[in-house]
Engineer: 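So that we are looking at the same thing, I have put the structure below in structure tokens.
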Amino acid sequence: MGLMRDALLAGSRSVWLRERAVRLGFVKRAVSRFMPGETLDDALGAARALASRKLSVVLTCLGENVTSLAETEGVARHYLEAMEAARAAGLDVELSVKLTQLGLDLDAGLALSHVDRIAARAAELTQRLWIDMEDSRYTEGTLDLYRKLRRARPNAGLCLQSYLRRTAADLETLIPLGSAIRLVKGAYNEPAAMAFPEKRDVDESYFALAKRLLSEEARRLGCYAAFGTHDRNLIRRIEEEAARAKAPREAFEFELLYGIQTGEQARLAASGTRVRVLISYGSFWFPWYMRRLAERPANVLFVARRMFGG
Ligand code: FDA
């Protein structure tokens, strides 16, 4: 299972594979399970259907490691337009952005100015703007940018990964800022020196971080928690911890990916817990999709079945 994960994550970085795989019909059919379509309209259509089931949405336009300044400007403009389109449609939608799609590899100041512009508009619409966490080459730069952004944009939220050994210490520096934190396990291939190799350690790290975010102190300082996971055991433990810590429902939410654990999404919404479904769209879906396959070996069988028309 570890080998398959490693192979899929290595494949996620292959340009050769990407250029070929995205043209294959059976791959596209398999991807549709996690993605309603490539366009913003497809994503908004799915958001509308989810809204009828009391589920709010986070949108992300797929893309990473953008190499031209003009492209980063196009991405920022697209996100501003997406916010207006969601507002016009009357949908409760927030955005999540990747900093390398907004130029972090090229110029951190430029990435900050793009994300600041998007966060400013989100604030006017009383929405949070979420920042994804990419692989560990970007952890320091992302934290640094977030701290600068957070001074002017209290509505900015940051993703932290429980598999990284450093995250508990990073969280302690973010709590006094009253940060909004989306906690995830982490989706990249990281060396054991940086990330816990064992799943049970990643899960326990997740729960310890969740507990800290739900603590009375973190809430008093203005922190907000978004638990990005499909792990039903962890979700149950977090629900119990929230009750024990007397965290009000407005202090946290769960976030799940489109098409994954839909029963759990419905159960949480029916129980009155805040839930957002993250919908990805865009044509640059290959690396993102490979990370979804790596998360669950059964997904590879699913693709194989699609290959034969199932
Ligand atoms: P885990 O992998 O243990 O899975 C628990 C159960 O959930 C599985 O047994 C299975 O039933 C189901 N499941 C999980 N993944 C599945 C899949 N792909 N297909 C089908 N079923 C699946 N990562 C990152 O590094 N940076 C980021 O910015 C983000 N952002 C982000 C936002 C949101 C809203 C979510 C939900 C996730 C992310 N992630 C992420 C991804 C995250 O790091 C992690 O890889 C996945 O969420 C899978 O981990 P789980 O917590 O679901 O647990």
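Counting starts at 1 for both ligands and their atoms, in listed order. The basis for the numbers below is simple: all heavy atoms, side chains too, and nothing from hydrogens, waters or symmetry mates. Residues: numbered from 1 along the sequence shown.
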Engineer: Hey, which atoms in ligand 1 end up nearer than 4.0 Å to a heavy atom of Q161?
Structural biologist: 24 (C), 25 (O), 26 (N)
Engineer: Please state which protein non-hydrogen atom is closest to atom 43 (O) of ligand 1 and give its distance, to 0.1 Å?
Structural biologist: G186 N, 2.7 Å
Engineer: Return the closest protein heavy atom for atom 36 (C) of ligand 1 as residue, atom name and distance.
Structural biologist: E255 O, 3.5 Å
Engineer: Listed by chain and number, what are the side-chain hydrogen bond (donor to acceptor under 3.5 Å, both in side chains) partners of R249, not counting sequence neighbours?
Structural biologist: T273
Engineer: What atoms of ligand 1 come within less than 4.0 Å of a heavy atom belonging to K199?
Structural biologist: 3 (O)
Engineer: Identify which one of R244, R237, R236 satisfies the salt bridge (Lys or Arg N to Asp or Glu O under 4.0 Å) criterion when paired with E240.
Structural biologist: R236
Engineer: Starting from atom 33 (C) of ligand 1, find the nearest protein heavy-atom neighbour and note its residue, name and distance.
Structural biologist: L257 CD2, 3.7 Å
Engineer: So, regarding H230 and ligand 1 (criterion: nitrogen or oxygen to nitrogen or oxygen, under 3.5 Å), is there a contact or not?
Structural biologist: yes
Engineer: On a heavy-atom basis, which atom in R165 and which in P197 lie closest, and how many Å separate them?
Structural biologist: NH2-CD, 3.7 Å
Engineer: Is the closest side-chain donor-acceptor distance between R166 and S136 under 3.5 Å?
Structural biologist: no
Engineer: Do any N or O atoms from the side chain of T60 and from the backbone of S96 form a donor-acceptor pair under 3.5 angstrom?
Structural biologist: yes
Engineer: At a non-hydrogen distance cut-off of under 4.0 Å, which region of C159 contacts ligand 1 (side chain, backbone, both, or neither)?
Structural biologist: side chain
Engineer: Run the numbers for me: atoms of ligand 1, each under 4.0 Å from some heavy atom of D132, listed by number.
Structural biologist: 28 (O)
Engineer: With a 4.0 Å cut-off on heavy atoms, is E134 in contact with ligand 1?
Structural biologist: no
Engineer: Please confirm whether the ring centroid of F254 lies under 6.0 Å from the ring centroid of F227.
Structural biologist: yes
Engineer: Going by the order shown, which atoms of ligand 1 are within less than 4.0 Å of some heavy atom of F34?
Structural biologist: 19 (N)
